[in-house]
Amino acid sequence: MLRMSTLLLRTLRDDPADAEVASHKLLVRAGFVRRIAAGIYSWLPLGYRTYRKIENIIREEMDAAGFQEVHFPALLPKDPYEATNRWAEYGPDLFRLQDRKKNDFLLGPTHEEMFTLMVKGEFSSYKDLPLSIYQIQTKFRDEPRPRSGIIRGREFVMKDSYSFDVDDAGLEVSYNKHRQAYVKTFDRLGLKYNIVSAMSGAMGGSKSEEFLAPCPTGEDTYVLCNGCGYAANVEAMVTITAPYKGDKVGAIEVLDTPNTPTIDSLVELFNSKYSANISAADTLKNVLLMADEKPISVLVPGDREVDLKRLGANISGVKDLRLFEDADFAKFPKLVKGYVGPQDAKEFGLKLYADPRVVEGSHWVTGANKKDKHAKNVTCGRDFIVEEYVEAAEVKAGDSCPKCAKAVVIDRAIEIGHIFQLGRKYAQSLGLTVLDKEGKPVVVTMGSYGIGVSRAVAAIAEQTYDELGLCWPSEIAPADVHIVATGKEDHPFDVAEQIAKDLEAKGLEVLLDDRREASAGVKFKDAELIGIPKIIIVGKSLADGKVEIRDRKSSSKQEVVLADVVKTIVQ
RNA sequence: CGGGGCGUAGCGUAGUGGCUAGCGCGCCUGCUUUGGGAGCAGGAGACCGUGGGUUCGAAUCCCUCCGCCCCGACCA
């Protein structure tokens with residue numbers, strides 16, 4: 001039994017100054033966590049109970065799916081991470097340290113290497129597969145910017161699983177098993193979530209889905225179709241287009257358009273000076289970028305920005321992508337800033353990419369590659385040739401769903417799980433093979449599956465809190481029942497004590513507020529802040545042989561005679 | 001790494017060159033109170049982030065470093 005009189009707990013009346021999001025404020029105020037350094041938190045007794053319940057639910061569901069739990073060190077030698085080149089690739093995000101002999105070590109940011117090597121060390125036959133193993137482990141990432149309390153920390157707990165299969169069909173099966181297990185897990189955790197396709201498949205065809213818990217303070221943006229349920233990370237959102245059906249237009253006309261370096265100024269001048277009736281969507285924006293230090297141009301309709309994240313995720317064969325700077329314009333004097341058009345891309349040595357909306361036959365108002373001049377009737381396929389189509393334009397609410405063409409909405413969410421088909425990358429570089437039926441070695445194919453355990457605490461808090469405080473779903477609350485004894489006589493305290501014992505005998509966990517000095521008001525506030533789903537108040541109505549039972553979430557109250565308390569709670 | 005903000009008691013904060021650094025919450029003692037963050041009285045608790053400088057005098061002005069928060073870049 002937890003007793004408020006002895007619990008290591010001090011609730012705070014004021015929000016901590018360094019907290020911004022609700023889960024952070026409330027978890028600190030309710031005495032669940034304390035900050036130790038940026039992105040590094042301690043768990044106090046109440047918080048740790050909730051944390052462990054989440055961990056246990058995840059563990060139960062993994063075990064139920066037939067996955068085996070293992071445990072690796074958090075402190076790891078450099079070697080395996082050199083073999084996969086991540087010692088170098090991970091960069092400053094990796095916490096590195098040395099032992100007394102000056103050997104390099106790291107604090108594991110993720111454990112693909114360890115899992116792969118463990119399987120390599122034990123198994124060597126196709127008969128041993130499929131295999132799925134997991135661990136619940138503290139991970140370390142020296143994030144450039146930890147934020148939002150425990151939603152994004154530098155030390156955090158993750159459940160990570162890996163599947164090992166002989167072939168792609170097997171990987172598909174393992175992937176789907178994990179997907180199912182995740183659905184069960186998040187349902188039990190009481191989270192609302194969407195399963196969202198995370199990558200379009202442009203990148204090596206590896207399948208990947210994210211489990212996103214919608215919440216306004218989330219840092220991920222995704223699109224959702226309320227018509228058919230399609231959901232995708234903005235990076236993976238696919239643009240649907242129709243073939244151009246408009247009129248054919250005449251040859252390019254170059255027009256004087258002084259002082260129109262922006263789309264807005266261009267549209268305004270165009271319509272007034274040339275009595276046209278165009279909108280930003282009729283203009284073509286030529287966004288110049290450096291892709292691995294080679295100049296490229298990305299064409300998007302003038303009413304949209306280029307979304308660098310989308311472009312980066314969808315452009316193939318490019319590692320480093322950045323917008324043109326003045327120094328770059330200096331290197332390419334033929335490119336007139338603000339008046340670039342795709343007509344002369346070849347001559348300029350620009351690789352021409354375009355958003356799918358720039359369809360064959362469509363014509364545009366765009367730069368004439370001369371200062372203060374724009375061109376109209378610039379037609380795709382005639383006046384310029386798109387070398388490669390790429391998803392580059394920002395996604396807007398109201399864009400068409402690629403499945404059913406209805407308007408999509410854009411929402412924010414916390415990423416609580418991520419599953420994907422890793423393929424053979426790690427098995428290859430670490431030499432994980434098994435012998436097939438013919439006795440030939442085949443490289444194993446892997447899947448990788450993560451759940452943010454500590455993050456889930458915050459995500460659930462975010463989705464369930466109200467103006468009074470935290471409000472936990474019953475499976476993960478720090479206790480099942482919070483009993484508050486009020487008054488100055490011994491009697492209510494004795495009764496509360498007895499109810500607590502009776503409930504415990506039924507297998508329920510109880511937090512008993514047995515503080516004699518605290519006023520009733522303080523105890524009520526604390527109970528609401530802490531957010532245990534059932535609150536029993538022993539006091540006033542004891543005169544009628546009754547106690548009050550409150551539901552934290554609905555705020556509903558009922559008076560129950562003592563003899564019925566346990567029965568009422570248990571049902 | 002770029003931009004912005006902040007560091008004063010466990011928490012929230014006041015204090016823009018001048019006495020012993022102030023207040024609220026929390027904490028301790030006593031009395032009163034006990035169904036909505038109680039009242040009175042008394043108390044403990046601060047190297048004012050660090051180091052240097054200016055000055056008769058620095059929490060306050062200047063420089064350095066460190067830490068923290070927000071926006072962006074970044075994020076299996």
Side-chain angles (χ1 to χ4, degrees), chain A residues 8-21 24-25 28-29 31 34-40 44 81 84 86 89-94 108-113 115 139-149 151-154 156 158 160-162 198-199 203 206 208 210 217 219-220 233 235 308-309 312-313 320-323 415 417-423 425-426 446-452 455 468-469 484-489 492-493 513 515-529 535 537-543 547-548 550 555 557 559:
Chain A
L8 175 53
L9 172 74
R10 195 103 299 157
T11 58
L12 304 177
R13 208 178 284 219
D14 300 311
D15 287 334
D18 59 1
E20 200 78 7
V21 301
H24 189 194
K25 288 178 183 170
V28 171
R29 279 189 56 208
R34 290 288 180 260
R35 194 181 68 78
I36 297 300
I40 301 177
L44 280 73
Y81 286 78
T84 54
R86 285 166 109 188
E89 262 178 16
Y90 230 96
D93 281 15
L94 196 61
T110 172
H111 284 74
E112 280 84 357
E113 284 82 353
F115 277 90
K139 308 283 184 185
F140 299 86
R141 292 179 197 177
D142 196 358
E143 295 277 351
R145 182 146 91 85
R147 77 185 95 178
S148 308
I151 293 177
R152 181 170 214 83
R154 295 144 90 199
F156 58 98
M158 179 160 107
D160 52 332
S161 316
Y162 299 85
M199 281 221 268
M203 307 283 285
S206 69
S208 170
E210 287 172 354
T217 51
E219 47 182 358
D220 284 26
N233 194 302
E235 279 108 64
L308 279 176
K309 278 190 180 177
D320 184 50
L321 204 59
R322 62 174 177 82
L323 288 169
E415 180 184 348
H418 194 170
I419 55 177
F420 66 103
Q421 301 187 358
L422 254 188
K425 180 183 171 187
Y426 290 93
M446 295 168 56
S448 160
Y449 318 91
I451 294 178
R455 176 181 281 183
L468 298 174
V484 174
T486 67
K488 55 182 169 181
E489 309 300 330
F493 288 85
D513 197 340
R515 292 174 295 177
R516 301 296 291 249
E517 67 287 358
S519 70
V522 168
K523 294 178 182 178
F524 296 156
K525 290 287 185 201
D526 277 346
E528 283 148 2
L529 219 205
I535 301 168
I537 295 159
V538 184
K540 239 181 185 172
S541 44
L542 211 50
V547 299
E548 184 181 318
R550 290 188 195 172
S555 298
K557 304 173 184 184
E559 302 240 308

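Reminder, nothing fancy here: chain letters follow the sequence lines and each chain counts from 1.
Counting non-hydrogen atoms under 4.0 angstrom, A:Ser148 reaches the backbone sugars and phosphates but no base. Nucleic acid contact for A:Asp160: none, since no nucleic acid atom lies under 4.0 Å from a heavy atom of the residue. Counting any heavy atom pair closer than 4.0 Å across all strands shown, A:Phe420 reaches sugar-phosphate atoms only and no base atom. When heavy atoms are screened at a 4.0 angstrom cut-off, A:Thr11 is found touching base atoms of the nucleic acid.
The same atom, C1', is picked in B:C19 and in B:G57; the two are 12 Å apart, to the nearest Å. For the P atoms, the distance from B:U13 to B:G49 is 15 Å, rounded to whole Å. With both ends at atom P, the span from B:G12 to B:U54 equals 35 Å, rounded to whole Å. For the P atom pair drawn from B:G51 and B:A58, the interatomic distance equals 15 Å after rounding to whole Å. For the C1' atoms, the distance from B:A41 to B:U33 is 15 Å, rounded to whole Å. The gap from the P atom of B:A14 to that of B:U55 amounts to 31 Å, rounded to the nearest Å. Going from the P atom of B:C65 to that of B:A59 covers 22 Å, rounded to whole Å. Rounded to whole Å, the separation between the P atoms of B:U60 and B:G17 comes to 11 Å.
Applying side-chain contact (heavy atoms from CB on, under 4.5 Å) to A:Val484 and the options A:Lys523, A:Arg515, A:Glu548 leaves one that passes, A:Lys523.
A donor-acceptor contact under 3.5 angstrom links the side-chain atoms of A:Arg29 to the base of B:G37. Evaluation of atom-type donor-acceptor distances gives a pair under 3.5 Å for the side chain of A:Asp526 against the base of B:G37.
Between A:Arg145 and B:C71 there is a side-chain N or O to OP1 or OP2 distance below 4.0 Å. When the side-chain nitrogen and oxygen atoms of A:Arg13 are compared with OP1 and OP2 of B:G26, one or more of them lie within a distance under 4.0 Å.
Look at CG on A:Asp513: it is 15 Å from P on B:G37, rounded to the nearest Å. Rounding to whole angstrom units, CD of residue A:Glu20 and P of B:C70 are separated by 6 Å. Across the protein-nucleic acid pair, A:Glu89 atom CD and B:C74 atom C1' stand 15 Å apart, rounded to whole Å. Residue A:Arg34 contributes atom CZ, which lies 18 Å from atom P of B:C68 at whole-angstrom precision. One can place CG of A:Leu8 at 18 Å from P of B:G26, the figure rounded to the nearest angstrom. Distance NZ (A:Lys25) to P (B:C11): 18 Å, rounded to an integer number of Å. To the nearest angstrom, C1' of B:C69 lies 12 Å from CZ of A:Arg147. Distance CD1 (A:Ile36) to C1' (B:C68): 14 Å, rounded to an integer number of Å.
Note that CD1 of A:Ile419 is 10.0 Å distant from CD1 of A:Ile451, once rounded to the nearest 0.5 Å. In this structure, the separation between CD on A:Glu210 and CG on A:Asn233 is 4.5 Å, given to the nearest 0.5 Å. The distance from atom CD of A:Glu235 to atom CG of A:Leu308, rounded to the nearest 0.5 Å, is 11.0 Å.
Contact of the A:Ile535 side chain with the A:Phe524 side chain is not registered, since no non-hydrogen atoms from C-beta on lie closer than 4.5 Å. No side-chain heavy atom of A:Ile40 sits less than 4.5 Å from a side-chain heavy atom of A:Arg35. Side chains of A:Tyr90 and A:Thr84 form no contact here, defined as non-hydrogen atoms less than 4.5 Å apart.
Using a cut-off of 4.0 Å between Lys/Arg side-chain N and Asp/Glu carboxylate O, A:Glu112 and A:Arg86 are scored as salt-bridged.
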Inset, instruction - Begin from the C-alpha positions of A:Lys525 and A:Thr11 and carry the test side chain to side chain contact (heavy atoms under 4.5 Å, CB included) through to its verdict. - result: CA-CA 10 Å; A:Lys525 290 287 185 201; A:Thr11 58; over 6 Å; no
Legend entry - Worked verdict on A:His24 versus A:Ser148 for side-chain hydrogen bond (donor to acceptor under 3.5 Å, both in side chains): CA-CA 7 Å; A:His24 189 194; A:Ser148 308; over 6 Å; no
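With pairs defined as Watson-Crick or G-U wobble and both atom distances under 3.5 Å, the stems of at least three pairs that touch RNA chain B come out as B:1-7 with B:66-72, B:10-13 with B:22-25, B:27-32 with B:38-43, B:51-53 with B:61-63.
Side-chain atoms of A:Arg154 lie closest to B:C68 of the nucleotides B:C68, B:G12, B:C74. With B:C68, B:A73, B:G26 as the candidates, the nucleotide lying closest to the side chain of A:Arg10 is B:G26.
Aromatic ring orientation, A:Phe115 versus A:His111: perpendicular (interplanar angle above 60°, classes split at 30° and 60°).
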Legend entry - Under 4.0 Å protein heavy-atom contact, by nucleotide of nucleotides 30-36 of chain B - B base, S sugar-phosphate only: ----BBB
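Nearest-nucleotide mapping onto RNA chain B: of A:Pro16 and A:Ala38, the residue sitting toward the 5' end is A:Pro16.
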